[in-house]
Amino acid sequence: MSVRTRFAPSPTGFLHIGGARTALFNLLFARHHGGQYLLRVEDTDRARSTEDAVQQILHSLEWLGLSPDEPPVFQSSRAARHAEVAHEMLAAGRAYRCWCTAEELAAMREAAMQAGRPPRYDGRWRDRDPAEAPAGVQPSIRLKAPRDGSTVVEDLVQGRVEVQNAELDDMIILRSDGSPTYLHAVVVDDHDMRITHVIRGDDHLTNTFRQVQIYDAMGWHRPHFAHIPLIHGADGAKLSKRHGAVGVMEFADQGILPEALCNYLLRLGWGHGDEEILTRDRAIALFELRDVGRAAARMDDKKLAHLNGTYLRQADDDRLVAEVLRRLGKEGALFGTIGGDRVKALMPELKERAKTLVDLTAAAAFAAHEGPPTIEAKAQALLTPEAKVLLADLAQFLNTAPWERQDLVTWLRDYADVKGIKLGQVAQPLRIALTGSTQSPPIDAVLWALGRTEAMDRILAAAE
RNA sequence: GUCCCCAUCGUCUAGAGGCCUAGGACACCAGCCUUUCACGCUGGGUACGCGGGUUCGAAUCCCGCUGGGGACGCCA
């Protein structure tokens with residue numbers, strides 16, 4: 001039987017990195033086994049689900065390269081089927097109607113808590129005659145769960161997990177309004193979608209016992225389960241807004257490359273020896289659930305940034321140029337095709353020095369803009385009267401310089417020699433004049449990319 | 001509160017009884033390279049939560065403790 005996995009987010013907000021990692025693991029596992037990776041949108045909570053969130057999730061997955069192999073299944077569209085299964089269970093005596101009201105159940109929970117017992121449904125309608133049903137109350141349908149023995153789940157990541165059935169109560173599978181509960185809908189959908197491996201967050205581990213009881217009640221074959229640990233914030237607590245960026249697209253905005261984020265997420269909780277940089281293909285070839293760790297991992301932005309830097313250096317120049325120009329354009333910065341050409345000419349040197357697309361964009365700005373750059377305060381301080389004299393002098397000789405990248409360094413070295421100074425003493429004022437900053441790609445590359453005329457203008461402006 | 005899960009450097013991890021005086025990566029510190037910055041390179045410190053077992057031998061197996069996380073809804 002071919003492997004089929006699914007990622008099943010509920011569209012109540014944007015896709016966060018925990019979900020992204022779950023999706024990644026599902027895709028990797030399916031691909032590794034030559035199977036399919038599907039998407040199911042769990043939108044049964046109509047009050048909290050939004051179309052906007054659905055679109056955002058789809059977009060985030062696409063950006064990450066984690067789009068599903070088939071069109072997404074919307075859980076809300078399957079309500080009739082969920083009800084049908086619940087009624088089958090009712091007919092088979094594996095479920096029963098419960099006429100408890102919400103108030104009654106709340107009181108029951110309250111009383112149990114007071115008495116120091118776990119808040120469980122006491123099964124009062126389990127064997128009671130339906131003829132005693134109160135008038136005017138719409139019943140819900142509950143699973144008739146086994147009371148003795150235990151339920152065991154052989155989890156592919158967590159190992160064998162067992163719970164006493166006495167700890168579990170008869171959960172509601174169909175609400176009094178006829179809509180399915182989440183736990184029930186998931187089981188029916190996973191079964192109908194022929195999901196073979198349910199790979200999801202650790203927070204669902206205890207839900208699994210109850211879901212497994214539904215499979216058993218229906219006589220359905222259980223899928224394999226794999227519960228992967230959650231991702232925590234840097235402080236060890238559950239990931240939330242206060243941890244800074246958690247939404248996938250926030251990382252995109254911060255200039256993180258999708259392949260870098262995937263690589264980072266993969267290494268959070270999964271490892272293969274000392275390998276740190278893994279392409280998608282490599283990850284597919286190596287991914288095994290038994291190599292997934294069992295402890296929760298913390299988010300480390302520094303490591304992500306470092307990883308992003310290595311991917312940036314390997315990235316295609318044209319792609320980066322397009323990205324930089326798009327960002328510069330958003331800022332309302334002026335640039336023409338000339339600016340774009342300069343950024344492109346400098347890209348091999350620029351990408352060597354950036355960790356994110358944000359860094360890269362900032363570093364490329366001087367080349368994209370027309371005219372002399374704004375000079376940073378720190379740089380301005382180094383533009384001493386002596387330095388200005390030197391720049392003015394240099395400008396006079398610039399016409400004689402051979403305008404080829406490799407010849408420019410030699411020419412500059414010769415110039416410094418004649419002046420009896422070190423190259424650095426020429427290069428630094430020149431760098432400031434050309435870029436407005438004390439840091440930039442090699443000065444010869446900058447000169448060459450800017451062109452003789454533009455360079456001249458900037459040098460003279462700085463020498464003023 | 002009850003149940004379930006987890007536990008190696010600050011962080012992510014390697015480690016499936018001897019290969020471990022515990023390896024790699026990020027971060028940190030020192031240095032090298034160098035026209036700045038970055039990349040790269042060299043070196044450095046820092047970890048098996050605690051206590052009991054089992055064994056000739058335990059980071060690895062068992063038990064307890066402690067700590068962390070998760071689940072207990074007619075939410076998903």
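Chain A is the first sequence line, chain B the second, and so forth, proteins listed ahead of strands; every chain is numbered from 1.
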- Message: Is it the case that the side chain of E454(A) and the backbone of G451(A) share a donor-acceptor pair, with hydrogens and angles ignored and the cut-off at 3.5 Å?
- Response: no

Suppose you measure atom [atom1] in [N] against the same atom in [M]; what distance do you get, rounded to whole Å?
{"N": "C56(B)", "M": "C50(B)", "atom1": "P", "answer": "25 Å"}
{"N": "C9(B)", "M": "C29(B)", "atom1": "C1'", "answer": "15 Å"}
{"N": "U13(B)", "M": "A22(B)", "atom1": "C1'", "answer": "13 Å"}
{"N": "G44(B)", "M": "C62(B)", "atom1": "C1'", "answer": "39 Å"}
{"N": "C32(B)", "M": "G68(B)", "atom1": "C1'", "answer": "43 Å"}
{"N": "A59(B)", "M": "A47(B)", "atom1": "C1'", "answer": "10 Å"}
{"N": "C65(B)", "M": "A71(B)", "atom1": "P", "answer": "24 Å"}
{"N": "A14(B)", "M": "G67(B)", "atom1": "C1'", "answer": "24 Å"}

Nucleotide paired to [N] in any strand shown, Watson-Crick or G-U, under 3.5 Å:
{"N": "U21(B)", "answer": "none"}
{"N": "C32(B)", "answer": "G40(B)"}
{"N": "A16(B)", "answer": "none"}
{"N": "U2(B)", "answer": "A71(B)"}
{"N": "C26(B)", "answer": "G10(B)"}

- Message: Here's a test of your reading of the structure: between V163(A) and G424(A), which maps to the more 5' nucleotide of RNA chain B?
- Response: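 By nearest-heavy-atom nucleotide position, the 5'-most residue is V163(A).
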
- Closest to the 5' end of RNA chain B, once T438(A) and I172(A) are matched to their nearest nucleotides, is T438(A)

Select one nucleotide: of [options], the one nearest the side-chain heavy atoms of [X].
{"X": "K302(A)", "options": "A27(B), C74(B), A76(B)", "value": "A27(B)"}
{"X": "R142(A)", "options": "A76(B), C74(B), C5(B)", "value": "C74(B)"}
{"X": "E167(A)", "options": "G40(B), U2(B), U36(B)", "value": "U2(B)"}
{"X": "P442(A)", "options": "U35(B), A76(B), G70(B)", "value": "U35(B)"}
{"X": "P119(A)", "options": "C74(B), G73(B), A76(B)", "value": "G73(B)"}
{"X": "T44(A)", "options": "A76(B), C74(B), A71(B)", "value": "A76(B)"}

- Message: With ring-ring contact (aromatic ring centres under 6.0 Å, His included) as the criterion, how do W125(A) and W99(A) come out once you've worked through the C-alpha distance, each side chain's angles and the decisive distance to 0.1 Å?
- Response: CA-CA 7 Å; W125(A) 284 97; W99(A) 279 270; 5.1 Å; yes

- Side chain of S176(A), base of C74(B): donor and acceptor closer than 3.5 Å? yes

- Can you tell me how far CG of L268(A) sits from NE2 of H232(A), rounded to the nearest 0.5 angstrom? 11.0 Å

- Working to the nearest 0.5 Å, report the span between CG of L257(A) and CD of Q314(A). 10.0 Å

- For R413(A) and U35(B), is the shortest distance between a side-chain N/O and OP1 or OP2 below 4.0 Å?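 So the side-chain polar atoms of R413(A) do come within 4.0 Å of the phosphate oxygens OP1 or OP2 of U35(B), strictly under.
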
- Message: Please determine whether the number of non-hydrogen atoms from other residues, nucleotides or ligands lying under 6.0 Å from atom CG of D148(A) exceeds 12.
- Response: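 Incorrect, the count does not exceed 12.
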
- Query: Within 45 degrees of the axis of the six-membered ring of Y311(A) and under 6.0 Å from its centre: does R313(A) put its NZ or CZ there?
  - Reply: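 Because its charged atom misses either the 6.0 Å distance or the 45° angle limit, R313(A) does not stack over Y311(A).
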
- Message: Looking at F74(A), I'd like to know if the NZ or CZ of R40(A) sits under 6.0 Å from its six-membered ring centre while staying within 45 degrees of the ring's axis.
- Response: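 No, a cation-pi geometry is absent between R40(A) and F74(A).
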
- Message: Tell me the closest heavy-atom pair linking E276(A) and L307(A), and the distance in Å.
- Response: O-CD1, 4.5 Å

- Task: Could you pull out the closest heavy-atom pair between P139(A) and R97(A), with the gap in Å?
- Result: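 The pair with the smallest heavy-atom distance is CG-CD, 3.7 Å.
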
- Query: Hey, does R109(A) reach any base, or is it just sugar-phosphate, or nothing, if we go heavy atoms under 4.0 Å?
  - Reply: sugar-phosphate

- Close approaches to RNA chain B from residues 352-359 of chain A, in residue order (heavy atom, under 4.0 Å):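 The answer is E352(A), R353(A), K355(A).
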
Got a list of side-chain donor-acceptor pairs under 3.5 Å for residues 426-436 of chain A, not counting sequence neighbours?
residue: Q428(A); atom: OE1; partner: R431(A); partner atom: NE; Å: 2.9
residue: Q428(A); atom: NE2; partner: T438(A); partner atom: O; Å: 3.1
residue: R431(A); atom: NH1; partner: S440(A); partner atom: OG; Å: 2.8
residue: R431(A); atom: NH1; partner: P441(A); partner atom: O; Å: 3.1
residue: T435(A); atom: OG1; partner: R431(A); partner atom: O; Å: 2.7
residue: T435(A); atom: OG1; partner: S437(A); partner atom: N; Å: 3.1
residue: T435(A); atom: OG1; partner: S437(A); partner atom: O; Å: 3.2

- Message: Within the 4.0 Å limit for protein heavy atoms, which parts of nucleotides 6-21 of chain B are touched? Write it as a string from 5' to 3', B for base, S for sugar-phosphate only, - for none.
- Response: SS---BBSS-B-----

- Assess the pair F287(A) and F25(A): is the distance between their ring centroids shorter than 6.0 Å? yes

